[in-house]
Amino acid sequence: MKAGIASIRKELAGIYQAEEIESLIFLIFEKVKGYTRTQFLLAKDEILCEEDRSEIGTMVARLKNHEPIQYILGETEFFGLPFYAVPGVLIPRPETEELVQWIIQENKLTRPTILDMGTGSGCIAVSLRKNIPESVVLACDISPVCIETARRNADLNSVAITVLTYDILRNSPGISFPELDVVVSNPPYVREMERLQMERNVLEYEPGLALFVPDNDPLIFYSQIADFARKNLKHNGRLYFEINEALGKECSEMLHEKGFSAIRIKKDIHGKDRMIGCSYLRE
Ligand code: GLN
């Protein structure tokens, strides 16, 4: 294994940072050999069979092409839970764990009915269902591969959630949703003009459909979802979004104009405006 590890280091040098390479190496051996960290450290003198070597070679070649490790492994972790990671489905991000944490904190005692709009992998819906006792969780998405993956992720985590096909921008099909306590969404929010600042692994491999919005209408999903929430939230129901760090003020103003109250922006661990939450009081 020692020679194998040295060769991976050499292949990936210059593409990934040294620390990242070490964690990739462990992930590779965890996948190929099923090793825990301790087993990995103890197995360095082992000889690798031809089959393992070729599997590792394929993984390293994909990493050299900047493919995300999560797609290569076919799985990732979110909020301490396992999730399938499939091309065509946005890879769950740590910022979104902070949004989930916030929603759990504020809603864990109320047995809420929750809808996650644009669920992707289902990471928000599944982790909320897992952590809010007696919650009823629905999730929707426009993309067939997301619908399938969200359902598989619910099964993987042994939770029951309802996953529906729904087009947020067209409001279709006309589904009669139950009255909701919570609407949550991490919709596309990266402006086309922000493409330049993005990494190759995201741009070349992750679904644009889940990421990008037009420069001239960056809140297109937010205002549609806010209108939807006005119709479908119970009195005093709550709406939560993950947001573009540059658009906190605009989001907050839009929600204010639409009649939402108790609007709060929350920063992520990097100190960036990343989440917004508000309430809807019916007259
Ligand atoms: N935070 C994600 C990224 O920068 C974007 C997620 C989204 O558009 N909802 O890749």
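When reading the values below, keep in mind they use all heavy atoms of this one structure, side chains included, and skip hydrogens, waters and symmetry mates. One-based numbering, in listed order, for ligands and for the atoms of each.
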For ligand 1, which of its N or O atoms have a protein N or O partner closer than 3.5 Å, and how long is each gap?
residue: ligand 1; atom: 1 (N); partner: Glu95; partner atom: OE2; Å: 3.4
residue: ligand 1; atom: 1 (N); partner: Tyr189; partner atom: OH; Å: 2.9
residue: ligand 1; atom: 8 (O); partner: Tyr189; partner atom: N; Å: 3.2
residue: ligand 1; atom: 9 (N); partner: Asn186; partner atom: OD1; Å: 2.7
residue: ligand 1; atom: 9 (N); partner: Pro187; partner atom: O; Å: 2.7
residue: ligand 1; atom: 10 (O); partner: Arg93; partner atom: NE; Å: 3.2
residue: ligand 1; atom: 10 (O); partner: Arg93; partner atom: NH2; Å: 2.8

In the hydrophobic clustering (ILVMFWY, side-chain contacts below 4.5 Å, transitive), which residues join Ile132, or is it alone?
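Phe78, Phe79, Leu81, Phe83, Leu99, Val100, Trp102, Ile103, Ile104, Ile114, Ile124, Val126, Leu128, Val137, Ile147, Val159, Ile161, Val163, Val182, Val184, Tyr240, Met275, listed by chain and number.
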Side chains of Tyr189 and Glu245: do they bring a donor and an acceptor to under 3.5 Å?
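No, Glu245 and Tyr189 have no side-chain donor paired with an acceptor closer than 3.5 Å.
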Could you list the donor-acceptor pairs under 3.5 angstrom formed by side chains in residues 49-58, with sequence neighbours left out?
residue: Asp52; atom: OD2; partner: Lys33; partner atom: NZ; Å: 3.1
residue: Thr58; atom: OG1; partner: Ser54; partner atom: O; Å: 2.9

Asn244 and Glu194: side-chain contact (heavy atoms from CB on, under 4.5 Å), yes or no, with the steps?
CA-CA 11 Å; Asn244 183 319; Glu194 289 163 331; 3.1 Å; yes
Output yes when Glu98 and Arg274 qualify as a salt bridge under the 4.0 Å nitrogen-oxygen rule, no when they do not.
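Judged by the 4.0 Å cut-off on N to carboxylate O distance, Glu98 and Arg274 do not form a salt bridge.
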Using ring-ring contact (aromatic ring centres under 6.0 Å, His included) as the criterion, list what pairs up with Phe221, not counting sequence neighbours.
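Phe221: no ring-ring contact (aromatic ring centres under 6.0 Å, His included) contacts found.
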